[in-house]
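Since the structure comes first, as structure tokens, the remarks are kept for the end.
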Amino acid sequence: MRAGALALVAVLVAAASAAWAQAPVEAARALVARYHEDPTALDRARDLLDAALAKERKVETMAMLSYVQFLIGDLRSTAEDKLAAYDRGREIGQRAVELAPRSHDAHLWFAINTARWGETKGILRSLFLLPTIRQELETLLELDPRSVRAHILAGNVLLEVPGFAGGDRAKAEEHLKKALEIDPRFTNARVDLARVYIADARYVDARRELQQVISETRPSVIADWTMKDAPRARKLLESIKDRK
């Protein structure tokens with residue numbers, strides 16, 4: 001009887017520890033989900049995750065913090081602030097990858113922050129990062145061939161990189177269409193597909209995609225749609241309004 005009681009206590013303690021470890025990540029995820037409603041949400045999520053990491057290094061916490069750093073970078077107004085946010089995101093993401101080489105989210109946010117840092121720094125000045133990003137993409141699509149964000153990242157890299165370094169708009173289109181096949185309401189992918197069409201002077205196709213983003217009533221990530229995707233779509237639509 002006593003042994004059974006001790007075993008039960010051990011199970012309850014383990015369960016409580018696991019719940020405590022996940023609590024900061026879940027709380028941060030809830031803040032991220034509504035960052036379009038609360039200007040302080042991302043900073044609060046970052047601080048929460050930083051505090052959790054100061055107590056214990058966990059891959060899930062690192063991956064989530066890397067994601068938050070990416071969002072902070074996207075929303076910062078100056079190149080200096082963006083670079084600082086992405087750089088911290090890729091540093092934390094890389095540490096998560098080292099701890100968990102088979103973690104999809106660790107690889108994802110390390111790769112996305114690295115790519116975003118390079119884009120902000122300047123594509124030609126950041127070509128040295130391409131081997132790392134390509135290796136990360138290969139790993140991501142091996143871990144999850146239906147990773148929407150991995151296909152979007154692949155599409156963006158192939159669109160932005162010059163042809164002499166491996167850029168390929170046809171392959172970029174394939175990846176972005178694959179992302180939309182998996183999740184038609186993931187508006188980030190649709191905006192980037194429109195960018196491929198604009199680069200190819202396919203303005204009718206681009207307008208169709210951009211208008212669909214603006215008209216979306218149930219975006220997969222409402223915060224991103226509100227803060228990033230819909231504004232980008234409107235800006236791109238305005239930029240091609242006189243083109244045929």
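Each of I152 and L130 belongs to its own hydrophobic cluster when Ile, Leu, Val, Met, Phe, Trp and Tyr are linked at side-chain heavy-atom distances under 4.5 angstrom. A continuous path of Ile, Leu, Val, Met, Phe, Trp and Tyr side chains, each step under 4.5 Å between heavy atoms, connects I112 with L137, placing both in one hydrophobic cluster. L49 is connected to L108 through a chain of hydrophobic side-chain contacts under 4.5 Å among Ile, Leu, Val, Met, Phe, Trp and Tyr, so both are in one cluster. Follow the hydrophobic side-chain contacts under 4.5 Å out from I92 and you reach I133 in the same cluster. By the rule that hydrophobic residues join a cluster once side-chain heavy atoms approach within less than 4.5 Å of another member, V25 and Y35 end up as members of one cluster.
For E37 against P39, the heavy-atom pair with the smallest separation is O-CD, 4.0 Å. Here the shortest heavy-atom pairing between R190 and P184 reads NH2-O, 2.9 Å. The minimum heavy-atom distance between L210 and A233, with the atom names listed, is CD2-CA, 3.7 Å.
Grouped with I222 in a hydrophobic cluster is no other residue, since no side-chain heavy-atom contact under 4.5 Å to another Ile, Leu, Val, Met, Phe, Trp or Tyr is found. Residue L143 belongs to no hydrophobic cluster, having no ILVMFWY side-chain heavy atom closer than 4.5 Å to its own. L31 forms part of no hydrophobic cluster, judged by ILVMFWY side-chain heavy-atom separations under 4.5 Å.
In this structure, R102 and E142 have side chains that are in contact, with non-hydrogen atoms separated by less than 4.5 Å. Side-chain contact check for R202 versus V196: every heavy-atom pair is 4.5 Å or farther apart. At least one side-chain heavy atom of M64 sits less than 4.5 Å from a side-chain heavy atom of V32. Considering only heavy atoms from C-beta on, T187 stays 4.5 Å or farther from D224 through its side chain.
In this model, no donor atom of one side chain and acceptor atom of the other lie less than 3.5 Å apart for S103 and D105. A donor and an acceptor atom, one from each side chain of D81 and T78, are located under 3.5 Å apart.
Ion pairing of D192 with R149 is absent here, as no side-chain N (NZ or NE/NH1/NH2) approaches a carboxylate O to less than 4.0 Å. With salt bridges taken as basic N to acidic carboxylate O contacts below 4.0 Å, one links R46 and D43. The existence of a salt bridge linking E209 and K177 is excluded, since no basic side-chain nitrogen approaches an acidic carboxylate oxygen closer than 4.0 Å. Ionic pairing of K241 and E238 is present here: one or more N-O contacts between side-chain nitrogen and carboxylate oxygen are shorter than 4.0 angstrom. One finds a salt bridge joining K58 and E56 here, because a Lys/Arg side-chain nitrogen approaches an Asp/Glu carboxylate oxygen to under 4.0 Å.
Remark: side-chain polar atoms of R185 are not paired, donor with acceptor, to backbone N or O of T217 under 3.5 angstrom. Listed for the H107 side chain is no donor-acceptor partner under 3.5 Å among the backbone atoms of V97.
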- Message: Let's go through E174 and L158 carefully: what are the C-alpha distance in whole Å and the side-chain angles of both, what is the deciding distance for side chain to side chain contact (heavy atoms under 4.5 Å, CB included) to 0.1 Å, and is it a yes or a no?
- Response: CA-CA 10 Å; E174 289 176 11; L158 289 162; over 6 Å; no
- Message: Working note: R90 + L129, criterion side chain to side chain contact (heavy atoms under 4.5 Å, CB included); need CA distance, chi angles, decisive distance, verdict.
- Response: CA-CA 12 Å; R90 67 175 179 156; L129 295 172; 3.8 Å; yes
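For residues 209-244, no residue pair satisfies the ring-ring contact (aromatic ring centres under 6.0 Å, His included) rule, not counting sequence neighbours. Listed by first then second residue, pairs satisfying salt bridge (Lys or Arg N to Asp or Glu O under 4.0 Å) with a partner in residues 122-140 number zero, not counting sequence neighbours.
The side chain to side chain donor-acceptor pair (under 3.5 Å) test applied to E91 returns no partner, not counting sequence neighbours. Scored by the side chain to side chain donor-acceptor pair (under 3.5 Å) test, R207 finds no partners at all (sequence neighbours excluded). The side chain to side chain donor-acceptor pair (under 3.5 Å) search around Y197 returns none, not counting sequence neighbours. Shown here are the ring pair (Phe, Tyr, Trp, His ring centres under 6.0 Å) partners of H175, two or more places apart in sequence or in another chain: H151. Residues meeting the side chain to side chain donor-acceptor pair (under 3.5 Å) test with T114, sequence neighbours left out: none.
In this structure, the separation between CD1 on I198 and CG on D205 is 11.0 Å, given to the nearest 0.5 Å.
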Contacts table for residues 66-75: side-chain donor-acceptor under 3.5 angstrom, sequence neighbours left out:
unit_1, atom_1, unit_2, atom_2, d
S66, OG, G89, O, 2.7
S66, OG, N113, ND2, 3.1
Q69, OE1, R88, NH1, 3.2
Q69, NE2, A85, O, 3.2
D74, OD1, Y86, OH, 2.5
D74, OD1, R116, NE, 2.8
D74, OD1, R116, NH2, 3.3
D74, OD2, R116, NH2, 2.9
D74, OD2, K228, NZ, 2.7

Would you list the atom pairs, donor with acceptor, under 3.5 Å between side chains in residues 162-170 and any protein atom, with sequence neighbours excluded?
unit_1, atom_1, unit_2, atom_2, d
D168, OD1, A170, N, 3.0
D168, OD1, K171, N, 3.1
R169, NE, D200, OD1, 2.5
R169, NH2, D200, OD1, 3.1

